[in-house]
Q: 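Below you will find the structure I want to go over with you.
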Amino acid sequence: MKCLKINGGKKLSGSISVHGAKNSVLPILSACVLINGASVIHNCPKLSDVDVTVDILRYLGAKVERNNDTLTVDTSDINRFDILECQMKELRSSIIFLGALASRSDRACLYLPGGCEIGLRPIDLHLKGLKALGYDVYTDGHNVCAAKDKVKGTEIVLPFPSVGATENIILASVLAPGRTTIVNAAREPEVADLVNFLNKAGARISGTSAPTIVIDGVKSLHGVEHTVIPDRILVATLMSACAITGGEIEVKNLFPEHIMPTLPVFEEMGCNIDISNNSLYIKSPKRLNRVKKIETMAYPGFPTDCQAPVMAALSVANGTSIIKETIFENRFKHIEQLNLFGTDISINERIAVVNGVKNIHPADVKCTDLRGGAAVVIAALKANGISTVSDIYHIDRGYECIENQFALLGADIKRINDEKKQ
Ligand code: EPZ
């Protein structure tokens with residue numbers, strides 16, 4: 001088993017470029033199913049979630065070539081409209097293929113995705129949306145299927161601005177006759193990036209900054225060239241690592257407007273932040289201040305995906321910080337691992353109380369999930385001495401070669417084979 005060996009206690013410094021956003025690449029690759037032709041997608045990071053999605057596209061009959069961070073996806077010969085249990089278990093967010101496959105093929109069946117480490121991850125809003133559009137949605141308890149019946153545009157009101165449900169409904173309606181209006185749609189930048197990709201391909205979608213998205217169905221879509229937006233969650237992860245180590249770094253090739261929801265938190269921590277063009281410069285204080293209260297919200301609120309990395313930074317702040325997780329019901333699993341470093345974090349239902357400690361010590365910990373894994377790496381970068389982080393396959397889902405990224409900023413971090421675990 002691979003693990004990370006981190007010799008912490010060094011201030012991060014230097015400059016780093018941000019790779020493309022995982023949560024933008026995945027829906028855009030699903031959207032390629034709607035296109036009868038080839039698309040070229042730049043800034044696709046080398047992540048295991050992207051690899052699984054590429055494997056699914058190839059299983060469906062698409063041709064996919066990678067050249068560095070560019071993927072060429074030719075979906076002219078797609079001839080399957082199902083996704084296997086093993087594939088869905090590897091990447092439950094592949095439910096996003098349902099709308100696109102049913103739209104292209106008249107009928108699609110995907111293995112019912114279960115929950116994951118951070119919650120039950122229901123798909124009721126996805127299915128309600130497809131039913132409202134006229135798809136015949138049914139499950140045999142093993143698979144969930146959608147068959148194109150009398151599909152036409154309609155108004156869909158989401159009780160919660162679900163990112164996945166918004167994206168699935170967009171993909172299911174972009175070739176449907178008539179107008180579809182999604183009220184209370186998700187406004188995450190990754191949804192806007194998907195819409196930009198689709199509009200370049202000939203779709204007619206508007207409204208991604210308002211909570212209402214309007215899709216006017218078109219007959220067909222053509223191949224496009226597109227560059228994926230930078231990963232705003234990676235930016236916050238790098239900032240959290242800089243903050244906890246008292247460092248100063250430059251983060252390049254980001255979109256400032258996408259990270260605005262997190263900046264007040266880093267400023268309250270005592271970090272000095274300058275933004276010019278598409279770069280951010282952050283200088284951290286010797287010791288961070290506590291942040292009175294953080295509440296995760298749908299965009300443009302504080303992102304739930306930044307909760308764990310920021311919590312790691314606050315674990316050594318001066319004072320007590322309160323973090324409320326309102327999006328996922330089980331997204332505090334990293335706290336037990338953080339406390340192995342000597343942090344003092346307790347949980348009361350959806351609220352984490354982070355009593356900042358002056359110092360933390362090295363520990364042998366494991367990743368509980370993708371962002372929880374980033375959190376324990378951030379803590380290990382602070383702890384003076386050697387820590388090991390195992391189950392790093394979680395991290396590889398969403399961060400490209402995280403050890404190289406932090407090593408570029410001066411960290412002493414290596415990926416090793418953990419004999420003990422073999
Ligand atoms: C996307 O997940 C992201 N994943 C998540 O990133 C991110 O945390 C989340 O949006 C919120 O921003 C991808 O884009 C691949 P939701 P998604 O639908 O679409 C409930 C990461 O770390 N809900 O907005 O699954 C759900 O249970 C990952 O990169 C329903 O009840 O998020 C949750 O409580 C983690 N019914 C809330 O909505 C539904 O049908 C948010 O879910 C759908 C969702």
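Numbering of ligands and ligand atoms starts at 1, following listing order. Counting begins at 1 with the first residue of the sequence.
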Q: Which residue supplies the protein heavy atom nearest to atom 32 (O) of ligand 1, what is that atom called, and how far is it?
A: F328 CZ, 4.0 Å
Q: Where on Q307 is there a heavy atom closer than 4.0 Å to ligand 1, on the side chain, on the backbone, on both, or on neither?
A: neither
Q: Kindly identify the option in L158, V191, D305 whose heavy atom sits closest to atom 28 (C) of ligand 1.
A: D305
Q: Would the pair C242 and C271 meet an SG-SG distance criterion of under 2.5 Å?
A: no
Q: Can you tell me which residue and heavy atom of the protein come closest to atom 22 (O) of ligand 1, and the distance to 0.1 Å?
A: R371 NE, 2.9 Å
Q: To check your reading of the model: name the closest protein heavy atom to atom 40 (O) of ligand 1, its residue, and the distance in Å.
A: L125 N, 2.7 Å
Q: Step by step, would you call Y111 with R92 a side-chain hydrogen bond (donor to acceptor under 3.5 Å, both in side chains)?
A: CA-CA 9 Å; Y111 174 74; R92 57 165 311 289; over 6 Å; no
Q: If you measure every N/O of F160 against every N/O of ligand 1, is any gap under 3.5 Å?
A: no
Q: Would you tell me whether S48 and D396 have side-chain atoms, one donor and one acceptor, within less than 3.5 Å of each other?
A: no
Q: If I compare all heavy atoms of I275 with all of L263, which pair ends up nearest, and what's the gap?
A: CD1-CD1, 3.5 Å
Q: Using distance alone, determine whether S162 and ligand 1 share an N or O pair under 3.5 Å.
A: yes
Q: Do me a favour and list the nearest non-hydrogen protein atom to atom 19 (O) of ligand 1 with residue, atom name and distance?
A: G164 N, 2.8 Å
Q: With respect to atom 31 (O) of ligand 1, which of G301, A21, P122 exhibits the smallest heavy-atom separation?
A: P122
Q: Considering non-hydrogen atoms of the protein only, which is the closest contact for atom 2 (O) of ligand 1, and what is the distance?
A: R121 NH2, 3.4 Å
Q: Under 4.0 Å from ligand 1, counting heavy atoms only, is it the side chain of H126, its backbone, both or neither?
A: both
Q: Return the residue, atom name and 0.1 Å-rounded distance of the protein heavy atom closest to atom 15 (C) of ligand 1.
A: N23 OD1, 3.3 Å
Q: Taking non-hydrogen atoms only, is E190 closer than 4.0 angstrom to ligand 1 via side chain, backbone, both or neither?
A: neither
Q: Determine the minimum heavy-atom distance between T139 and N143, stating which atoms define it.
A: OG1-O, 2.7 Å
Q: Report the residue from I345, I118, T368, I347 that forms a side-chain contact (heavy atoms from CB on, under 4.5 Å) with F332.
A: I347
Q: Would you tell me whether T388 and D364 have side-chain atoms, one donor and one acceptor, within less than 3.5 Å of each other?
A: yes
Q: Do you know the tightest heavy-atom contact between A132 and I156?
A: CB-CG1, 3.9 Å
Q: Counting C-beta onward and ignoring hydrogens, is there a side-chain heavy-atom pair between E190 and R232 closer than 4.5 Å?
A: yes
Q: Regarding E325 and T296, is there a side-chain donor-to-acceptor distance under 3.5 Å anywhere?
A: yes
Q: Ligand 1 versus I118, non-hydrogen atoms closer than 4.0 Å: side chain, backbone, both, neither?
A: side chain
Q: Who's the nearest protein heavy-atom neighbour of atom 11 (C) of ligand 1, and how far?
A: T304 CG2, 3.9 Å
Q: Looking just at side-chain N and O atoms, do Y135 and R107 make a donor-acceptor pair shorter than 3.5 Å?
A: no
Q: Can you pull out the closest protein heavy atom to atom 36 (N) of ligand 1? Residue, atom name and distance to 0.1 Å, please.
A: D124 OD1, 2.7 Å
Q: Would I327 count as being in polar contact with ligand 1, using the rule that some N or O on each side must be under 3.5 angstrom apart?
A: yes
Q: Within a distance under 4.0 Å of any heavy atom of R331, pick out the atoms of ligand 1 and give their elements.
A: 8 (O), 22 (O), 35 (C)
